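To keep things clear, I will list the structure first and then write my remarks on it.
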Amino acid sequence: MLAFDARITTLVAMIDSSDDIPFFGDSEPVKRPSGLAARAMAARNQSAPAPDYLIGLNPEQRQAVVTTEGPLLVLAGAGTGKTRVLTTRIAHILATGLAFPSQILAVTFTNKAAREMKERVGMLVGGAVEGMPWLGTFHSIGVKLLRRHAELVGLRSDFTILDTDDVVRLIKQLIQAEGLDDKRWPARQFAQMIDGWKNKGLAPHEIPEGDARAFANGKGRELYEAYQNRLKTLNACDFGDLLCHPIRMLRANPDVLAEYHRKFKYLLVDEYQDTNTAQYMWLRLLAQRPQSKEPGQRGGSVNVCCVGDDDQSIYGWRGAEVDNILRFDKDFPGATIIRLERNYRSTEHILGAAGHLIAHNEGRLGKTLFTEQSDPEHEKVQVHAAWDSEEEARAVGETIEQLQRPDANGRRHNLNDMAILVRASFQMREFEDRFVTMGLNYRVIGGPRFYERQEIRDAMAYFRAVCQPADDLAFERIVNVPKRGLGDATIRQLHDYARARDIPMIAAARDLVETEELKPKARKSLRDVVEGFTRWSAALENTPHTELAERILEESGYTEMWQNDKSAEAPGRLENLKELIRSMDFYESMRGFLEHVALVMDAEQNEDMDAVSIMTLHSAKGLEFETVFLPGWEEGLFPHQRSLDEGGRSGLEEERRLAYVGLTRAKKRAHLWFVSNRRIHGLWQSTIPSRFLDELPEAHVEVAEAEMSYGGYNRFGGGSSGFSAGRQNPYGASRFDNPEIFASTYETPGWKRAQANRTDATSRNWGSRSGHQVERVGYGESGPRGVRTIEGELVAKSTTDTPSAFSIGDRVFHMKFGNGNVAAIEGNKLTIDFDKAGQKRVLDGFVTPV
DNA sequence: AAAAAACGAGTTTTT
DNA sequence: CTCGTTTTTT
């Protein structure tokens with residue numbers, strides 16, 4: 001601490017003696033006002049009051065903020081105020097005049113994180129900073145670098161950015177051009193391979209021989225090369241190139257690199273545990289400047305601050321290297337490491353459970369979160385059992401309804417504060433179905449994103465082809481959308497003509513319609529298209545871009561296509577197109593819009609509605625909720641079998657981190673669920689509870705039978721949190737392989753039932769649903785293994801075979817969806833075409849005949 | 001060229 | 001089972 005203070009003091013002295021202290025604003029150094037100087041001084045002087053932005057930070061957070069010099073790793077556990085530290089740190093650097101906004105490079109992974117950081121820095125600094133030009137995602141900063149130096153990697157600065165869809169189509173063409181069978185060698189798979197190589201920063205000549213041979217009869221390398229060449233001619237980049245090109249460019253041009261070394265005084269990286277090798281190399285290049293005599297910059301090392309949490313690294317499967325964060329102090333010798341372990345989010349039980357679970361991982365830097373919010377009133381983490389996923393969904397739905405009811409104090413739980421976090425997206429379906437029948441508002445986070453929808457991509461392809469006549473991929477996408485009678489044959493012809501002359505396809509089309517080579521019908525259609533593009537391109541400069549966009553969609557017949565489409569989705573698609581054009585308003589030009597959309601592939605959700613969120617565990621990272629439901633804690637699903645098969649031990653550890661992430665999203669309540677039977681690929685499979693449940697500490701967990709409407713459970717098992725005394729420490733690694741040890745960690749009905757299922761019926765399939773109308777399940781009065789007996793089928797379940805009172809075509813009314821016609825009936829489940837809400841499946845009890 | 005039928009695959013996702 | 005894709009049919 002002393003050394004630290006001494007260093008700071010020198011620094012302050014240095015700053016104070018300087019005449020042109022950088023302050024807010026980018027170009028003109030401004031003399032720092034004395035009031036601020038005092039504040040800055042105060043930040044470092046313990047006797048004086050701290051500047052207001054430091055108030056409320058705990059000592060570790062504060063240290064992370066003010067340790068501006070030298071490499072710093074902030075290990076920020078879940079809910080420990082990571083973003084606050086990052087933003088305050090930036091504010092601090094700015095406020096104390098250590099750097100201009102333009103001299104700080106701050107990278108995040110998602111646009112959302114970048115946006116949030118910008119906003120929060122703005123708030124802290126009082127909006128005096130005109131944005132930070134170098135705060136953004138790795139990719140957006142990569143683009144920025146590339147636009148400036150495109151020619152150094154053989155591109156023009158107006159290059160286009162291709163998304164996955166374009167890439168796959170392009171690769172498919174290449175595979176076909178090579179004369180390979182595109183079914184045996186799927187383009188999508190090769191696209192992933194390329195992505196994998198680029199994540200590692202590997203150029204075609206650098207990829208491992210084995211990889212190169214693995215695809216297309218050993219033509220992998222060739223294809224990769226061909227792909228890169230094709231990109232170059234298209235003047236395009238894929239996402240991987242946005243990382244790889246800058247690396248190559250900076251390596252090959254030391255003068256350019258030196259320029260950025262001079263420029264960036266401070267580097268900040270968010271979510272460091274998620275960086276892949278390419279991002280790491282990129283960062284190293286910028287961070288490791290040569291020995292420097294400039295004051296404030298110590299030779300060789302740099303003021304790089306990485307923030308992350310090794311326990312939350314859940315993206316290994318897409319190239320993230322946890323090792324980057326584990327290795328930090330070796331990469332940056334003399335690095336300061338600060339741990340943020342004081343958690344402000346969750347109760348002691350949630351932290352206790354999560355902490356105990358994650359402690360089963362090896363290869364971690366080790367943190368233990370603690371909280372001061374301890375209260376006997378706090379609910380323990382609850383583990384619930386259900387027969388199958390339908391029951392699981394129903395029980396969760398009921399719990400949600402209960403929580404939503406006003407409590408004794410008249411307070412009610414907002415739906416917005418609840419989330420269901422699933423391992424795999426197919427699990428969502430069941431919850432959606434259930435919530436629809438219940439009339440419970442929900443929102444699905446993460447599904448297909450706005451800009452990935454077909455209609456949006458089509459529209460964008462039109463815009464791209466207008467702005468970038470060389471964008472063959474865009475042109476090809478829409479040349480026959482709407483259908484214009486330009487089929488494969490015509491396209492092939494266009495292709496060949498264009499390739500032979502090395503001109504874009506639009507130009508080829510323009511030429512071809514003047515010849516006799518095309519069939520008259522195709523020729524006329526193509527001429528119309530070409531004329532359209534000529535017109536629109538001409539209008540590009542002198543027409544407001546939103547107006548032009550509308551015109552393009554109108555004149556091309558695209559809007560009309562959807563207007564004539566009678567399917568249920570058509571109106572929604574038209575609405576999306578309107579939304580697209582509306583959103584263009586925020587941009588200066590169509591080009592500006594396209595540039596932005598290529599990188600910012602998200603659209604904000606409707607936040608006004610009070611609704612339960614349903615999302616995958618992966619998309620939940622960084623979020624928090626009062627109450628979190630975690631269904632599907634079963635072996636094979638969570639941990640997922642595939643992770644185990646492909647990732648082995650580290651795969652398991654990543655799954656465990658995922659469980660950790662899930663638990664730590666909860667502030668007050670975490671409800672874990674496992675079911676005994678789950679339908680996988682259409683077959684009913686008997687399942688066993690996740691090993692992660694066994695890894696939870698009994699002190700913070702209670703195994704509860706669900707508060708099901710049919711009641712009658714609590715008479716079993718003598719209390720819901722009884723644990724067997726004999727197995728206090730069941731955490732040896734061997735238990736994973738030894739089924740016996742699974743037998744009874746918890747002495748509760750649900751648990752025992754699960755164990756019974758496991759031993760009785762591990763491989764039994766329930767071929768049909770008729771075998772399990774189980775609403776009421778009893779247990780042989782705690783036999784040694786808790787044998788399951790089915791006492792009866794007392795309560796009618798929603799899936800009975802009782803014929804419905806409705807018939808197809810009946811006019812019905814539903815509380816939530818209004819009027820509609822019955823389209824199909826299965827048992828008492830009705831498929832109804834609602835006049836307003838579209839097609840939904842509901843239970844007959846929820847509708848009345850009109 | 002468009003509609004119907006057969007086929008096959010099926011964690012997690014950002015840019 | 002259920003979705004998306006490819007192949008076959010008209």
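What you see is a predicted model, and the numbers here were worked out from it, not measured in a lab. Every chain is numbered from 1 and lettered A, B, ... according to where its sequence line falls, protein lines coming before strand lines.
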> Can we say A:Glu476 and A:Arg169 salt-bridge, meaning some charged N sits less than 4.0 Å from an Asp/Glu carboxylate O?
Replying inline: no
>> Can you confirm whether the side chains of A:Tyr280 and A:Arg284 place a donor and an acceptor under 3.5 Å from each other?
In response: yes
>> Going by side-chain contact (heavy atoms from CB on, under 4.5 Å), A:Thr490 matches just one of A:Val479, A:Asn480, A:Leu518. Which one?
In response: A:Leu518
> Judged by atom type as modelled, is there a donor-acceptor pair below 3.5 Å linking the side chain of A:Glu653 to the main-chain atoms of A:Gly363?
Replying inline: no
>> If the test is salt bridge (Lys or Arg N to Asp or Glu O under 4.0 Å), which one of A:Asp310, A:Asp323, A:Asp311 qualifies with A:Arg364?
In response: A:Asp311
>> Can you check the distance between B:dT12 and C:dT5, where both ends of the measurement are the P atom (answer in whole Å)?
In response: 16 Å
>> Counting C-beta onward and ignoring hydrogens, is there a side-chain heavy-atom pair between A:Arg691 and A:Leu652 closer than 4.5 Å?
In response: yes
>> Under a 3.5 Å distance rule, please check whether A:Asn111 uses its side chain to pair with a backbone N or O of A:Ala114 as donor and acceptor.
In response: no
>> One character per nucleotide, please: for nucleotides 6-13 of chain B, 5' to 3', B when the base has a protein heavy atom closer than 4.0 Å, S when only the sugar-phosphate does, - otherwise.
In response: ----BBBB
> Over how many whole Å does the gap from A:Met561 atom CE to B:dA2 atom C1' extend?
Replying inline: 14 Å
> Between A:Arg477 and A:Asp165, is the closest basic N to carboxylate O distance under 4.0 Å?
Replying inline: yes
Between protein and nucleotides 7-10 of chain C, what N or O pairs are separated by less than 3.5 Å?
| residue | atom | partner | partner atom | Å |
| --- | --- | --- | --- | --- |
| C:dT7 | OP1 | A:Lys183 | NZ | 2.3 |

> Does A:Asp270 pair with A:Lys82 as a salt bridge, N-O distance under 4.0 Å?
Replying inline: yes
> So what does A:Leu486 hit on the nucleic acid, given a heavy-atom distance under 4.0 Å: a base, only sugar-phosphate, or nothing?
Replying inline: sugar-phosphate
> What is the nucleic acid contact for A:Lys172, judged by heavy atoms within less than 4.0 Å: base, sugar-phosphate only, or nothing?
Replying inline: sugar-phosphate
>> Under a 4.0 Å threshold between the charged nitrogen and the carboxylate oxygen, would A:Asp458 count as salt-bridged to A:Arg573?
In response: no
> Is any side-chain nitrogen or oxygen of A:Arg429 closer than 4.0 Å to OP1 or OP2 of C:dC3?
Replying inline: yes
> Where does DNA chain B pair, written as one dot-bracket string 5' to 3', with Watson-Crick or G-U pairs under 3.5 Å, ( ) inside the strand, [ ] for crossing pairs and | for another strand?
Replying inline: ||||||||||.....
>> Classify A:Gly485 by what it touches in the nucleic acid, base, sugar-phosphate, or nothing, heavy-atom distance under 4.0 Å.
In response: sugar-phosphate
>> Would you measure the distance from the P atom in C:dG4 across to the matching atom in B:dT13 and give it in whole Å?
In response: 16 Å
>> Please verify the inter-ring angle class for A:Phe239 with A:His139; under 30° counts as parallel, over 60° as perpendicular, anything in between as tilted.
In response: perpendicular
